Amino acid sequence: MAPITLNNGQPKEDTTPNYDVCENYDGKYRFAPIEESQVARAMIKRYFNTMYERAVSDVVIIGAGSAGLSCAWQLANMHPELKITIIEASVAPGGGAWLGGQLMSPMVVRKPADGFLRQLGVEYEDEGAFVVVKHAALFTSTLLSKVLAKPNVVMMNATAVEDLIIHEDFRGEQRVAGVVTNWTLVALNHDTQSCMDPNTITAPVIISATGHDGPMGAFSAKRLVSAGLKKELGNMRGLDMSRAEPAIVNSTREVVPGLIFAGMELSEHDGSNRMGPTFGAMIASGTKAAHVASGIFASSKIVRGRVVG
Ligand code: 48N
């Protein structure tokens, strides 16, 4: 087999310091030497430093679906100084935005949310009142890569929020002041053995975008009810695209002090309609949640991750 060389056939300048490496695909490929412990320590050092450093974050976003990721990207653009920590239960972030509807790949985004696609540089076909991205994964992978490239954003996937931290604040009000986390496999298996206690991340602003579907959908809305901060769930209503999308965007808000809802979790909290396979409202709701969060920082006095005035 003729040797395959990368870099358009130009031999890549070898910048590796005196390692006996060889990038020859003709049976002579050689890597630099490695010890297993070097790999382990490279991961452990970075991941647990991150956990230590983000034990107090500025914003925690629960859920890396289309709403949570749109929020993260906007907020990171608006506030590069904020420590934004995304907690995603699935190993694979992206939520329900890897496909359009009924497992079909094209993604519909109604105008004016197409402006967000242009900001991201995602191509689409213009159908007049809406646009179509040829594959939902093109949108989600592009958004995900741009969010993860932000220096102030950290994502912990395969990690679940299994409770909320709720304090009495300086006004004597119940305020969500952080999240309680565990590895998702642990969070889903508490009944299989004795107690496996969680960890915590405190933050003055929590944005919950846990969707309406899946094993932990609408998590925070349900926890507000079981924790006595909300009488009952509104429960998502039947599908009505025209009504559902503006309702979700316009009702994106801080539902209790410290906790903002975005995306489809709102439909369960408020009892609004579902919209089915159209994603403009997720993008716009995430964007609005970023602005609501920004407003909280502009109007609050925050000391060591707590709102004190
Ligand atoms: O994609 P989803 O489920 O949620 P959204 O709100 O970002 O987007 C919803 C959208 O995909 C639709 O459902 C469309 C528009 N259809 C509407 C309709 O009418 O059918 O993402 C939520 C993410 C997922 O990745 C979950 O794994 C994650 O949140 N998640 C959690 N992560 C951490 N801790 C939790 N407790 C948790 N619960 C859910």
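Here the structure is a predicted model, which is why all the values come from computation and not from measurement. Just follow the structure's listing: the first ligand is 1, and inside any ligand the first atom is 1.
- If you chain together hydrophobic residues whose side chains sit under 4.5 Å apart, Val154 and Leu75 fall into the same group.
- Both Val133 and Leu120 sit in one connected hydrophobic cluster of ILVMFWY residues. Membership requires side-chain heavy atoms under 4.5 Å apart, directly or through other members.
- Counting heavy atoms closer than 4.0 Å to ligand 1, residue Thr278 contributes backbone atoms (N, CA, C, O) but none from C-beta onward.
- Residue Met236 does not touch ligand 1, judged by heavy-atom distances below 4.0 Å.
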Checklist entry - Can you list the steps and then say if Arg223 with Ser226 is a side-chain hydrogen bond (donor to acceptor under 3.5 Å, both in side chains)? => result CA-CA 5 Å; Arg223 187 56 180 133; Ser226 61; 2.9 Å; yes

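- Here the heavy atom of the protein found nearest to atom 12 (C) of ligand 1 is Met264 CG, 3.8 Å.
- Closest protein heavy atom to atom 27 (O) of ligand 1: Glu88 OE2, 2.6 Å.
- Between Tyr52 and Phe48, the ring centre distance reaches or exceeds 6.0 Å.
- Ring geometry for Phe116 against Trp73 counts as perpendicular: the plane angle is over 60°, on a 0 to 90° scale with 30° as the lower cut.
- Polar contact check, Gly94 against ligand 1: no nitrogen or oxygen pair lies under 3.5 Å apart.
- For Thr184 (side chain) and Thr159 (main-chain N/O), a donor-acceptor pair under 3.5 Å exists by modelled atom type.
- In this pair, Trp183 and Tyr47 present their aromatic rings tilted. The plane angle is within the 30 to 60° band.
- When only interatomic distances are considered, the shortest N/O to N/O separation between Glu265 and ligand 1 does not fall below 3.5 Å.
- Within a 6.0 Å radius of CZ in Arg253, other residues, nucleotides and ligands contribute more than 12 heavy atoms.
- For ligand 1, the atoms lying closer than 4.0 Å to a non-hydrogen atom of Ile62 are 33 (C), 34 (N), 35 (C).
- Of all protein heavy atoms, the one lying nearest to atom 21 (O) of ligand 1 is Gly65 CA, 3.5 Å.
- In this structure, Phe139 is not a member of the same hydrophobic cluster as Leu99, with clusters built from ILVMFWY side-chain heavy atoms closer than 4.5 Å.
- In the vicinity of Met275, heavy-atom distances shorter than 4.0 Å reach the ligand 1 atoms 15 (C), 17 (C), 19 (O).
- With salt bridges taken as basic N to acidic carboxylate O contacts below 4.0 Å, one links Asp126 and Lys111.
- Counting only heavy atoms of the protein, atom 32 (N) of ligand 1 lies nearest to Ala89 N, 3.0 Å.
- With ligand atoms numbered from 1 in the order given, ligand 1 contributes 22 (C), 23 (C), 29 (O) to contacts under 4.0 Å with heavy atoms of Ala209.
- Not a single heavy atom of Asp213 sits under 4.0 Å from any atom of ligand 1.
- When the side chains of ILVMFWY residues are joined at heavy-atom separations under 4.5 Å, either directly or via intervening members, Tyr124 and Leu144 end up in a single hydrophobic cluster.
- Taking every non-hydrogen atom of Ile87 and a distance limit under 4.0 Å, the qualifying atoms of ligand 1 come out as 32 (N), 33 (C).
- Short contacts between ligand 1 and Gly263, defined as distances under 4.0 Å to a heavy atom of the residue, involve ligand atoms 6 (O).
- Taking only nitrogen or oxygen atoms, main chain and side chain alike, Met216 reaches within less than 3.5 Å of ligand 1.
- Ligand 1 places these atoms under 4.0 Å from at least one heavy atom of Gly95: 1 (O), 21 (O), 24 (C), 25 (O).
- Atom 20 (O) of ligand 1 has its closest protein heavy atom at Arg274 NH2, 2.7 Å.
- Nearest protein heavy-atom neighbour of atom 5 (P) of ligand 1: Met282 SD, 4.0 Å.
- Listed by first and then second residue, the side-chain hydrogen bond (donor to acceptor under 3.5 Å, both in side chains) pairs involving residues 86-100 amount to none (not counting sequence neighbours).
- Cluster annotation: Val131 and Met275 are assigned to the same hydrophobic cluster (Ile/Leu/Val/Met/Phe/Trp/Tyr, side-chain heavy-atom contacts under 4.5 Å, transitive).
- The shortest contact between atom 36 (N) of ligand 1 and any protein heavy atom is with Val161 O, 2.9 Å.
- The closest approach between His212 and ligand 1 falls below 4.0 Å for a heavy atom of the residue.
- For atom 17 (C) of ligand 1, the nearest protein heavy atom (residue, atom name, distance) is Gly276 O, 3.5 Å.
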